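Hydrogens, waters and symmetry mates are skipped; everything else that's a heavy atom, side chains included, is used. Here the structure is a predicted model, which means the values were calculated and not measured.
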Amino acid sequence: MTPRLRFAPSPTGYLHVGGARTALFNWLYARRHGGTFVLRIEDTDTQRSSDDMVSGILDGLRWLGIDWDEGPEVGGPHAPYFQSQRLDRYRAAVSDLVSRGCAYEDDGAIRFRVPQGTTTFHDEVHGPISFDNAHLESFVILRSDGHPTYHLSVVVDDIDMGITHVVRGDDHISNTPKHVLLFEAFGATPPRFAHVPLIMGADKKRLSKRHGATSVLEYERQGYLPDALFNFLALLGWGTGTDDELLSREELVQRFTLDGISGGNAVFNTDKLDWFNHQYLLKLSDDALVAHLRPFLIEAGLWRDAFHSTDHAWLVQVLALLRPRAQRLTEFATQFRPFCVAPTEYDTEGVRKHLSASDSAAHITALAACVTASAWNVETLERDLRALAEARGIKAAVLIHAARLAVTGRMVSPGLFDMLVLIGRNAVVTRLQRLARQLPLPVAPSAAAHE
RNA sequence: GUCCCCGUCGUCCAGAGGCCCAGGACGUGGCCCUUUCAAGGCUAAAACACGGGUUCGAAUCCCGUCGGGGACGCCA
């Protein structure tokens, strides 16, 4: 029997990293064993569910590269995959239970009759877990408005859809005995359960809307690569048993096992996510990088269609300089700006440090003349600048720092000479001359630094 | 309060009785490189919650304590 797994989000909120990671584990297991991954929308709470949330969840999964074999938009043999469209099925199941005395009416709602005894199930990550049924109240399975509750609908659907493995959050452990009892009441064999630990915020508090439980699509906006987030999430609460960490989807699929899931909660560590992202950024092909970067450059007003044609080679060279110093795509856009446009303002700290000497203007003017005459390549530019510094009796660093400020307006950039070559002689000379004319620049009162 | 789960460096993951005076990664400190910031190289600090057992031997098994998390809805 090939395994069938499902991810069953409720569209009462967006897809955050916790849900995404649960979906990912289900997906990994299904792919590992040639099984089927089902997406089912649990929208029985009509008040709080919304279509926007549904499409947001689908978009989030697609962005992460988690595809589903059955579910919304793709259909499947057990359609519909929205619980709100399966109400008749639940009502029929409930009356079946009532007719057999397994459930009873209570003020218009239907409650399940919990038998005495102990309910035990084997959890793939925790081992055997048992509950005294005395702690399970006769829970409601059909509300007085005719809508099923979660407990009823999950079980009915998991039976109908032939789900063999239920991989879900730890917070469902205490619901599981209720579900096991329902499976038994319906004469069905319960699926295998695997409860995965929850993801916590940096403060070790459970992720909530107020606590970093942002939509995974927000990570896209913040400049993370889907493969990086995927890799990072896969290793949160699960380990391969080896020291390997940078693993492709294929490798992750190949190595995934339920018993590799750890039992304790895991803290979401943004620093490590950034590191993963950096690693994936470095591995990206030039074309893939450009494709990922495009929306960010458009947003920054720096995109040119020529990047696909005449300026492509130039773009690739610039990106090569930026890659090692960017963790996220958003930083690329920021660092990319000086390669396209002249600075409109100069870092005040930088001005104070590198442009406030009485002879700064003279140095810059001399430098402008120097680069105007220099051959336009990294080696010559550096040699000529150093020669100029020596002739003027100053350290090369003085000219280098001043030049960086003049050309980028900032104190931080890629190596000066590599950068100058790509920015181009005309733009460089223009920027140097313009700054020389503006010097001395007003320096903010140093009191500002003490605030 | 009751029930359930969990407890190895700050964080994530290794470790399933001797291979561990505990390994890798992120982060942090130092050094090197250096025109800035990164990247890179080298290096350092950093953990088996505590107390009892079991055993020749325990991070690994058992019990208790403490701590963390979760669930106790006509939410999912």
> Within the distance-only criterion (no hydrogens, no angle test), does the side chain of A:D43 pair as donor or acceptor with the backbone N or O of A:S84 below 3.5 angstrom?
yes
> Quick one: A:M200 CE to B:C6 C1', roughly how many Å, whole number?
10 Å
> What is the base-pairing partner of B:U35, counting Watson-Crick and G-U wobble geometry with both distances under 3.5 Å?
none
> Side chains of A:Y90 and A:D157: any donor to acceptor distance under 3.5 Å?
yes
> What parts of residues 359-374 of chain A reach RNA chain B, counting only heavy atoms under 4.0 Å away?
none
> Any donor-acceptor pair under 3.5 Å linking the side-chain atoms of A:T176 with those of A:R168?
yes
> Partner of B:A44 by Watson-Crick or G-U wobble geometry, both contacts under 3.5 Å, or none?
B:U28
> Would the distance check show the side chain of A:S99 and the main-chain N or O of A:D96 forming a donor-acceptor pair, the cut-off being under 3.5 Å?
yes
> Return the nucleotide paired to B:A59: Watson-Crick means purine N1 to pyrimidine N3 with N6-O4 or O6-N4, wobble means G-U with N1-O2 and O6-N3, both under 3.5 Å.
none
> Using both distances under 3.5 Å as the test, list the Watson-Crick or G-U wobble partner of B:U2, or none.
B:A71
> Between B:C19 and B:C6, how far is it from one P atom to the other, in whole Å?
26 Å
> Partner lookup for B:A49, please. Criteria are Watson-Crick or G-U wobble with both distances under 3.5 angstrom; report none if nothing qualifies.
B:U65
> In whole angstrom, give me the gap between the P atoms of B:G73 and B:U11.
33 Å
> Quick one: do the A:S50 and A:D52 side chains pair a donor with an acceptor below 3.5 Å?
no
> For the residue pair A:Y29 and A:H165, categorise the inter-ring angle as parallel (less than 30°), tilted (30 to 60°) or perpendicular (more than 60°).
tilted
> In terms of relative ring orientation, are A:W314 and A:F339 parallel, tilted or perpendicular, with 30° and 60° separating the classes?
perpendicular
> Across the strands shown, which category fits A:N175 at heavy-atom distances under 4.0 angstrom: base, sugar-phosphate, nothing?
base
> Within this structure, what is the CG-to-P distance between A:L282 and B:G40, rounded to whole angstrom?
7 Å
> Hey, does the side chain of A:H195 come within less than 4.0 Å of B:C5's phosphate (OP1/OP2), counting only N and O?
no
> Just how far, in rounded Å, is P of B:G70 from NE2 of A:H126?
14 Å
> Does a nitrogen or oxygen in the side chain of A:R40 sit under 4.0 Å from OP1 or OP2 of B:A76?
no
> Between B:C48 and B:G15, how many Å separate the two C1' atoms, rounded to a whole number?
10 Å
> How would you label the contact of A:D244 with the nucleic acid (heavy atoms, under 4.0 Å): base, sugar-phosphate, or nothing?
nothing
> With hydrogens left out and only the distance checked, is there a donor-acceptor pair under 3.5 Å joining A:S174's side chain and the base of B:C72?
no
> What contact category does A:T44 fall into here, base, sugar-phosphate, or nothing, at under 4.0 angstrom with non-hydrogen atoms?
sugar-phosphate
> If you check every side-chain atom of A:Y150, which of B:A76, B:G69, B:C74 has the closest atom?
B:A76
> Between protein and nucleotides 42-50 of chain B, what N or O pairs are separated by less than 3.5 Å?
none

> Can you tell which of B:U35, B:A76, B:C3 lies closest to the side chain of A:H135?
B:C3
> Testing A:L87, A:V94, A:L152 for side chain to side chain contact (heavy atoms under 4.5 Å, CB included) with A:L142, which one passes?
A:V94
> Given atom CD of A:Q279 and atom P of B:G27, what is their separation to the nearest angstrom?
9 Å
> Taking the side chain as every heavy atom from C-beta outward, state whether A:L281 and A:L284 have any pair of such atoms under 4.5 Å apart.
yes
> Please tell me if the side chains of A:L225 and A:L329 come closer than 4.5 Å, counting only heavy atoms from C-beta onward.
yes
> Going by purine N1 to pyrimidine N3 plus the second Watson-Crick contact, or the G-U wobble pair, all under 3.5 Å, which nucleotide sits opposite B:C20?
none
> Output all residues satisfying ring-ring contact (aromatic ring centres under 6.0 Å, His included) with A:Y224, sequence neighbours left out; order by chain, then residue number.
A:Y219
> Ignoring backbone atoms, establish whether A:R386 has a side-chain N or O less than 4.0 Å from OP1 or OP2 of B:U35.
yes
> Select base, sugar-phosphate, or nothing to describe what A:H172 touches, counting heavy atoms under 4.0 Å on all strands.
base
> Between A:H172 and A:Y150, is any side-chain donor less than 3.5 angstrom from a side-chain acceptor?
yes
> Please measure how far the C1' atom in B:G69 lies from the corresponding atom in B:U60, and state the result in whole Å.
23 Å
> From CG of A:L136 over to C1' of B:G73, roughly how many Å is that when rounded to an integer?
14 Å
> Could you check whether any side-chain N or O of A:D359 sits under 3.5 Å from a backbone N or O of A:A362, counting only pairs where one atom can act as donor and the other as acceptor?
no
> When rounded to the nearest Å, what value does the distance between P atoms of B:C72 and B:A16 take?
37 Å
> Just call it for A:L416: base, sugar-phosphate, or nothing, with non-hydrogen atoms closer than 4.0 Å on any strand.
base
> Tell me which residues in residues 315-325 of chain A lie within less than 4.0 Å of RNA chain B, going by non-hydrogen atoms.
A:P324, A:R325
> Give the ring-plane orientation class for A:F256 versus A:W238, where under 30° counts as parallel, over 60° as perpendicular and anything between as tilted.
tilted
> What's A:S144 touching, base or sugar-phosphate or nothing? Going by heavy atoms closer than 4.0 Å.
base
> Side chains of A:S374 and A:D384: do they bring a donor and an acceptor to under 3.5 Å?
yes
> Work out how far the C1' atom of B:A45 is from that of B:G30, and round it to whole angstrom.
10 Å
> Please report, rounded to the nearest Å, how far the C1' atom of B:C37 is from the CZ atom of A:F417.
16 Å
> Regarding A:R410, tell me which of base, sugar-phosphate or nothing describes its non-hydrogen contacts under 4.0 Å with the strands shown.
nothing
> Starting at CG of A:N277 and ending at C1' of B:A39, how long is that distance when rounded to a whole Å?
15 Å
> Please state the C1' separation for the pair B:G41 and B:C4 - nearest whole angstrom.
49 Å
> What N/O pairs connect the protein and nucleotides 10-13 of chain B at under 3.5 Å? Give each pair on its own line.
residue : atom : partner : partner atom : Å
B:U11   : OP1  : A:K204  : NZ           : 2.6
B:C12   : OP1  : A:V267  : N            : 3.1
B:C12   : O2'  : A:L235  : O            : 3.0
B:C13   : OP1  : A:G237  : N            : 3.0
B:C13   : OP1  : A:S262  : OG           : 3.1

> Would you be so kind as to tabulate the donor-acceptor pairs closer than 3.5 Å made by side chains of residues 108-115 of chain A, with sequence neighbours excluded?
residue : atom : partner : partner atom : Å
A:R111  : NE   : A:D106  : OD2          : 2.6
A:R111  : NH1  : A:S138  : O            : 2.8
A:R113  : NE   : A:G101  : O            : 3.0

